[in-house]
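Reading through the structure tokens given below for one structure.
A note on names: the letters A, B, ... follow the listed sequences, proteins ahead of strands, and every chain is numbered from 1.
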Number of protein chains: 2
Amino acid sequence: MTTVGLRERKKEKTRLALLDAALDLFLEQGYESTTVEQIAGVVDVSPRTFFRYFTSKDHLVLWFHDHGEEIMLETLESRPQDESPFTALMHALRAVLSDMEGSTPEESARFLKLRRILDENPRLIGQSVARGAQTERRLAEVIAARRGADADTDQLSHLIVAFAMSTLRVGFECPRRDGTLPEITNRMAETIELAERSLQPGWDLEPPAR
Amino acid sequence: MTTVGLRERKKEKTRLALLDAALDLFLEQGYESTTVEQIAGVVDVSPRTFFRYFTSKDHLVLWFHDHGEEIMLETLESRPQDESPFTALMHALRAVLSDMEGSTPEESARFLKLRRILDENPRLIGQSVARGAQTERRLAEVIAARRGADADTDQLSHLIVAFAMSTLRVGFECPRRDGTLPEITNRMAETIELAERSLQPGWDLEPPAR
DNA sequence: TTGTCATCTGTCATCGACTGACATAGATTA
DNA sequence: TAATCTATGTCAGTCGATGACAGATGACAA
């Protein structure tokens, strides 16, 4: 049975409606000057309900991170254990890209809007990075396991993950000017290659320090 | 004349008193459950006044970032123009370290407290990283200028800065267990060396793409 | 010393994000 | 249909943050 109940469908519809309403309002009047009350108003739900769908106003903007993180963790798990950590991470990044490339027009539109909003609100870029930091902790655990090291003491595990996430972020943010989705994903792919070229072969295979 | 007026001295005293009161309260009862009212109460000022010293509750924790950023920008400016961008950045990082090593016992104590607080509050680590993101934008401008590139389009400039900041952050956060200040700075120095070893010679000298 | 001026501070009012508690309307299942 | 589950609205309240105004206090010149 693929049929999800009416309730489920309704919820998903409300969630997307809130997201779309918010993105549009943010673009029209700016992030700060848009209140939760307004967003809820457009979708015709109470502000209280908004917070049942999104834990915070910021969460709206970080919505996509959840998805990306999920893909990265899944991909990482499916990569052969003997693949070097950074290489595995780069595959995970590419998995995120190919997911983006396969997105529906609606999803693409949301993504492009989000990108503009982030661009105009440095504070949000910060939040976005902050969200990335939490992902990093989780990824570092996985990578440390791969390296047979302890995530609490092996700095290289953390550095590997940090470099990988930096790569993703730089690809996402820069260049700032608008573009179509394919343009952006191509650009991100370039950034990944750039990062791969920049690092010494085998740099991520050094044995744990202790 | 080095004498700063009574007013100035008083202000500095209040600022530090607020900072210390806050750090202690955060450690005692946790960040979230400490209110601005409490912090202000300890120092015996009104909550309104608190916000005249620190723009937000978060700002307390990011206090040190301001200082670090300042040092990095200054150092960067003083490095020879023909030094490669990443090398210059690594010198900037080391400048931050040596500044930390030269800090007074009070400053060291604050730093260690802060580190414990950040460790216990993942959300704050996020904020901290977010603050770093703003620094990154500024640094990227400087590095792009050095590379004779446009910060808006040259991804490598951003990647260089992102890698450098990642290095600083990993050194700061990991390993999580406590330690004395010298132990921590040594550890951070190791991370810097690790990063330098990991990158291809001349990786940061590739000409701008466009 | 005194009076003026700039600045710091407290008080008050207010907004907006967010949360817990409770009641109800609607969907689900037996 | 009845019993049950759950999503939503309402209400009240906390806390972070900001603007406006007035009083206190240090800075400085006459």
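Looking only at distances, no side-chain donor or acceptor of B:Glu70 sits under 3.5 Å from a matching main-chain atom of B:His67. Side-chain atoms of A:Thr75 come within 3.5 Å of backbone atoms of A:Ile71 as a donor-acceptor pair (strictly under, hydrogens ignored).
Here A:Lys11 reaches the OP1 or OP2 of D:dA7: one of its side-chain N or O atoms lies under 4.0 Å away. When the side-chain nitrogen and oxygen atoms of B:Lys10 are compared with OP1 and OP2 of C:dC8, none of them lie within a distance under 4.0 Å.
Evaluation of atom-type donor-acceptor distances gives no pair under 3.5 Å for the side chain of B:Arg48 against the base of D:dG16. Between the base of C:dG10 and the side chain of B:Arg52 there is a donor-acceptor pair shorter than 3.5 Å. Side chain B:Arg7 to base D:dT25: a donor-acceptor pair is found below 3.5 Å.
When heavy atoms are screened at a 4.0 angstrom cut-off, A:Thr34 is found touching the sugar-phosphate backbone but no base atom. In this structure, A:Ser46 reaches the bases: a heavy-atom distance under 4.0 Å links it to at least one base atom across the strands shown. Among the protein residues, B:Tyr53 comes within range of the sugar-phosphate backbone only, with heavy atoms under 4.0 Å from sugar or phosphate atoms but none that close to a base.
Rounded to whole Å, atom P of D:dT25 lies 12 Å from atom CG of B:Leu6. If you take CG of B:Leu18 and C1' of C:dT9, they are 13 Å apart, rounded to a whole angstrom. One atom, CD of B:Gln29, and another, C1' of D:dC15, lie 14 Å apart when rounded to the nearest Å. Rounded to whole Å, atom P of D:dC11 lies 13 Å from atom CD of A:Glu37.
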Test side chain to side chain contact (heavy atoms under 4.5 Å, CB included) on B:Glu183 and B:Asn186 and set out the steps. CA-CA 5 Å; B:Glu183 275 172 16; B:Asn186 280 341; 5.8 Å; no

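No option in A:Leu118, A:Leu60, A:Asp58, A:Leu25 other than A:Asp58 meets the side chain to side chain contact (heavy atoms under 4.5 Å, CB included) test with A:Tyr31.
Heavy-atom distances to DNA chain C give each of B:Thr49 and A:Pro47 a nearest nucleotide, and the one nearer the 5′ end belongs to B:Thr49. Residue order along DNA chain D, read from the 5' end via each residue's closest nucleotide, puts B:Phe50 first among B:Phe50 and B:Glu8.
Ring centers of B:Phe64 and B:Phe172: at least 6.0 Å apart, outside the cut-off.
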